[in-house]
Trainee: 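Right, I'll just put the structure down here and ask away after.
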Amino acid sequence: MDFRIEHDSMGEVKVPADKYWGAQTQRSKDNFKIGAGLETMPREITIAFGILKKAAAIANNALVPEKMTDEKLGAVSKACDEVIEGKLFEHFPLVVWQTGSGTQSNMNANEVIANRANEIAGKKLLHPNDDINMSQSSNDTFPAAMSIAAVYAVEDKVIPAVNRLIDTFKKLEEVHEGIVKSGRTHLQDATPVKFSQEISGWRTSLEKDVKLLENALSELRELALGGTAVGTGLNAPEGFDRAVAKAVSEITGKTFITAPNKFHALTSKDELVFAHGALKALAADMMKIANDVRWLASGPRLGLGEITIPENEPGSSIMPGKVNPTQCEAVTMVAVQVMGNDAAIGIAASQGNFELNVFMPVLIYNFIQSARLLSDAIVSFNDNCAAGIKANRDKMHENLYNSLMLVTALNPYIGYENAAKTAKKAYSENLSLKEACVSLGFLSEEEFARVFKPEEMV
């Protein structure tokens with residue numbers, strides 16, 4: 001491999017000749033061989049750095065044009081655009097498990113953008129620290145990148161995925177309107193419910209989750225940029241924080257504002273905890289929905305068998321013809337991972353010692369993973385399972401009329417205690433409710449037929 005010599009304040013470092021990164025990135029790559037190749041900094045953070053570095057250059061050009069000249073801005077903007085477009089991902093090799101402030105990832109961005117911009121300019125025009133990192137610190141750029149990445153993940157991936165499943169459930173409600181089945185509480189038979197009503201419960205849970213996520217977005221839009229090292233804004237020109245937030249908004253087409261209190265922005269990560277709480281709520285609802293679907297589809301002969309779901313692949317290497325609810329299982333595993341991530345995020349956010357939180361890489365790694373997994377799993381579940389759900393009308397009807405909890409309809413006519421006696425007799429003697437009620441003398445056959453109408457109990 002060919003190398004070139006780069007240097008930083010600690011001396012010279014050998015760097016691969018075909019890579020844009022510099023000395024500090026190489027030091028981190030050499031010193032933190034933890035999870036290498038598996039747990040690199042999320043590409044969402046790389047893109048966010050491209051956005052914020054371009055925005056910082058625009059703000060600096062407006063506020064200190066003698067330092068960030070038009071020529072420099074032009075080269076920086078082109079290099080940042082390549083980062084944003086994902087063209088330079090190979091030049092961002094660093095792992096999550098590095099300094100807790102994300103300093104080395106900030107310097108990775110500074111070095112790559114500076115070297116690529118110099119290549120574009122055709123001369124040594126820009127310095128990683130003096131130009132690309134102008135008016136900034138790792139301590140305010142990394143949390144700003146976290147905010148940008150989180151907004152994108154929630155707004156552009158998770159919410160659209162959930163809305164897609166909501167639309168599917170709306171269609172399923174329409175298709176299955178009027179089908180009455182046995183309800184279940186405590187995993188035991190309960191009074192009847194329409195299948196469309198059951199689906200509406202799933203749909204409404206997801207609609208609530210979307211509202212929670214939308215509420216969380218407003219807090220995520222606050223950027224720490226402008227706080228620099230400890231929140232005081234040292235070395236940043238007056239108005240830089242507002243100008244850079246405006247530039248980020250223009251680049252992304254999304255609303256971002258400067259955090260009103262930079263001391264809070266650097267050390268507290270409560271807005272990410274809150275937003276991930278909404279992701280955890282979504283995970284909990286997806287766990288419930290996936291479990292309902294796989295239990296309702298259980299069988300095909302010895303389970304509930306009230307619905308059928310698409311048969312996507314063989315389910316067993318030894319049992320021919322077996323088909324499993326694999327999409328449901330994937331969703332439930334994702335839900336467990338998200339719930340575990342929530343614990344890591346809460347603990348990481350609690351470590352804002354004095355003026356800086358130094359658990360930021362692990363915090364955003366888990367947040368982005370949760371958003372990725374949920375959005376991907378929901379789309380997969382929607383397309384490969386939910387969209388193909390069909391009611392087994394015959395089985396629903398059979399289970400409905402075998403349910404002893406239909407006896408609840410008799411309460412107004414024979415009283416709770418007599419209704420309980422009817423249900424117990426029917427169960428112990430394997431009788432129908434009608435046979436048990438009539439034999440106990442509580443109602444005649446004609447009276448029973450007049451008041452016992454399961455389809456009207458919904």
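Nothing here was measured: the structure is a model prediction, and the numbers come from that model. Numbers here are sequence positions counted from 1.
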Trainee: Checking Q98 against S28 for the side-chain hydrogen bond (donor to acceptor under 3.5 Å, both in side chains) test, could you report, in this order, the C-alpha distance in whole Å, the side-chain angles of both residues, the deciding distance, and whether it holds?
Mentor: CA-CA 7 Å; Q98 53 167 280; S28 180; 5.1 Å; no

Trainee: Check whether N324 reaches the backbone of T326 with its side chain - one donor and one acceptor, N or O, closer than 3.5 Å.
Mentor: no

Trainee: So, do L282 and L206 sit near enough that their side-chain heavy atoms are less than 4.5 Å apart?
Mentor: yes

Trainee: Please determine if E429 and K424 form a salt bridge, counting it only when a charged side-chain N lies under 4.0 Å from a carboxylate O.
Mentor: no

Trainee: Aromatic ring centroids of W202 and F169 under 6.0 Å?
Mentor: yes

Trainee: How would you list all residue pairs meeting salt bridge (charged side-chain N to carboxylate O under 4.0 Å, His left out) that involve residues 281-301, not counting sequence neighbours?
Mentor: K288-D292

Trainee: Could you tell me whether the side chain of V438 reaches within less than 4.5 Å of the side chain of S444, counting heavy atoms only?
Mentor: no

Trainee: For residues S380 and Q327, is any side-chain donor paired with an opposing acceptor at under 3.5 Å?
Mentor: yes

Trainee: Given side chains that start at C-beta, do those of N418 and L440 come closer than 4.5 Å, heavy atoms only?
Mentor: no

Trainee: List the steps, then state whether side-chain contact (heavy atoms from CB on, under 4.5 Å) holds for N411 with T408.
Mentor: CA-CA 5 Å; N411 283 3; T408 307; 4.0 Å; yes

Trainee: Does the K453 side chain pair with the main chain of A449, one donor and one acceptor, at a distance under 3.5 Å?
Mentor: no

Trainee: Side chains of L356 and T267, heavy atoms from C-beta outward: is any pair under 4.5 Å?
Mentor: no

Trainee: Can you tell me if CZ on F89 sees more than 12 non-hydrogen neighbours from other groups inside 6.0 Å?
Mentor: yes

Trainee: Just verifying a value: how many Å separate M360 CE and F367 CZ, rounded to the nearest 0.5 Å?
Mentor: 15.5 Å

Trainee: For D241 and G226, indicate whether the former's side chain and the latter's backbone hold a donor-acceptor pair under 3.5 Å.
Mentor: no

Trainee: I'd like to know if the side chain of T141 pairs up with that of N106 as donor and acceptor (distance under 3.5 Å, no hydrogens or angles considered).
Mentor: yes

Trainee: How long is the straight-line distance from OG of S249 back to CZ of F256, given to the nearest 0.5 Å?
Mentor: 7.0 Å

Trainee: Donor-acceptor pair, distance only, cut-off 3.5 Å: does the side chain of S200 make one with the backbone of Q197?
Mentor: yes

Trainee: Any chance the side chains of T99 and Q104 put a donor and an acceptor closer than 3.5 Å?
Mentor: no

Trainee: Out of curiosity, N108 CG to T46 OG1, how far, rounded to the nearest 0.5 Å?
Mentor: 7.5 Å

Trainee: Any salt bridge between E85 and K87, counting N to O under 4.0 Å?
Mentor: yes

Trainee: Determine, for R221 against E271, whether the closest basic-nitrogen to carboxylate-oxygen distance falls under 4.0 angstrom.
Mentor: no

Trainee: Would one find more than 12 heavy atoms of other residues, nucleotides or ligands at under 6.0 Å from atom CD of E329?
Mentor: yes

Trainee: Can you check side-chain contact (heavy atoms from CB on, under 4.5 Å) on V83 and F49, steps first, answer last?
Mentor: CA-CA 8 Å; V83 174; F49 265 111; 5.6 Å; no

Trainee: Can you spot which of N341, D342, N366 makes a side-chain hydrogen bond (donor to acceptor under 3.5 Å, both in side chains) with H276?
Mentor: D342

Trainee: Can you check whether H264 reaches D270 side chain to side chain, under 4.5 Å on heavy atoms?
Mentor: yes

Trainee: Using 4.0 Å as the upper bound for N to carboxylate O, is an ion pair formed by R164 and D383?
Mentor: yes

Trainee: Output yes when a side-chain donor or acceptor of N384 lies under 3.5 Å from a complementary backbone atom of F381, and no otherwise.
Mentor: no

Trainee: For a 4.5 angstrom cut-off between non-hydrogen side-chain atoms, does F142 reach L266?
Mentor: no

Trainee: Quick check on K254: does its NZ atom have over 12 non-hydrogen neighbours (other residues, nucleotides or ligands) under 6.0 Å away?
Mentor: yes

Trainee: Run the salt-bridge test on K421 and E417 with the 4.0 Å N-O cut-off and return the result as yes or no.
Mentor: no

Trainee: Could you check whether any side-chain N or O of T204 sits under 3.5 Å from a backbone N or O of G201, counting only pairs where one atom can act as donor and the other as acceptor?
Mentor: no

Trainee: What are the two closest heavy atoms between M396 and A391, and how far apart are they?
Mentor: CE-CB, 3.8 Å

Trainee: First locate atom CH2 of W97, then atom CD1 of I34, and finally report the distance between them rounded to the nearest 0.5 Å.
Mentor: 9.0 Å

Trainee: Please name the pair of heavy atoms, one in L279 and one in S370, separated by the smallest distance, quoted to 0.1 Å.
Mentor: CD1-CB, 4.2 Å

Trainee: Please report the closest heavy-atom contact between P192 and L406, naming both atoms and the distance.
Mentor: CG-CD2, 3.3 Å

Trainee: Using every non-hydrogen atom in the two residues, find where L220 and S147 come nearest and quote the distance to one decimal.
Mentor: O-CB, 3.3 Å

Trainee: Drop me the distance from R27's CZ to L94's CG, to the nearest 0.5 angstrom.
Mentor: 13.5 Å

Trainee: Report, as yes or no, whether the 6.0 Å neighbourhood of atom OH on Y416 holds more than 12 heavy atoms from other residues, nucleotides or ligands.
Mentor: no

Trainee: Identify the heavy atoms of G50 and C80 that sit nearest to each other, and give their distance.
Mentor: O-CB, 3.5 Å

Trainee: Looking at K54 and D81, does any basic side-chain N land under 4.0 Å from a carboxylate oxygen?
Mentor: yes

Trainee: Which residue is it: V331, N312, T168, V293? I am looking for the one with a side chain to side chain contact (heavy atoms under 4.5 Å, CB included) to C385.
Mentor: V293

Trainee: Classify the side-chain pair K53/Q136 by whether it contains a donor and acceptor separated by less than 3.5 Å.
Mentor: yes

Trainee: For the pair R43 (side chain) and G86 (backbone), establish whether a donor and an acceptor sit closer than 3.5 Å, ignoring hydrogens and angles.
Mentor: no

Trainee: Does R184 reach the side chain of L304, with side-chain heavy atoms less than 4.5 Å apart?
Mentor: yes

Trainee: When you look at NZ of K280, are more than 12 heavy atoms from neighbouring residues, nucleotides or ligands closer to it than 6.0 Å?
Mentor: no

Trainee: Taking side chain as C-beta onward, heavy atoms only, is K181 less than 4.5 Å from K194?
Mentor: no

Trainee: Residues in ring pair (Phe, Tyr, Trp, His ring centres under 6.0 Å) with Y20, at least two apart?
Mentor: H91

Trainee: Would you find a donor on one side and an acceptor on the other, under 3.5 Å apart, between the side chain of Q188 and the backbone of T185?
Mentor: no

Trainee: Charged N to carboxylate O under 4.0 angstrom, K211 versus E207?
Mentor: no

Trainee: Does the structure place the NZ or CZ of K157 under 6.0 Å from the centre of the six-membered ring of Y152, at an angle of no more than 45° from the ring's axis?
Mentor: no

Trainee: If I take atom OG from residue S403 and atom CG from residue L433, how far apart are they, to the nearest 0.5 angstrom?
Mentor: 8.0 Å

Trainee: Between Q337 and V334 (side chain of the first, backbone of the second, donor and acceptor by atom type, cut-off under 3.5 Å), is there such a pair?
Mentor: no

Trainee: For the backbone of L172 and the side chain of H176, can you confirm whether one donor and one acceptor N or O come within less than 3.5 Å of each other?
Mentor: yes

Trainee: Sort out for me which residue in E111, K29, E90 forms a side chain to side chain contact (heavy atoms under 4.5 Å, CB included) with K19.
Mentor: E90

Trainee: Ignoring hydrogens, what is the shortest heavy-atom contact between G183 and V193? Give both atom names and the distance.
Mentor: CA-CG1, 3.8 Å

Trainee: Does a side-chain N-to-carboxylate-O contact under 4.0 Å join E44 and R372?
Mentor: yes

Trainee: Passes side-chain contact (heavy atoms from CB on, under 4.5 Å), I307 versus N392? Steps please.
Mentor: CA-CA 5 Å; I307 64 172; N392 185 340; over 6 Å; no

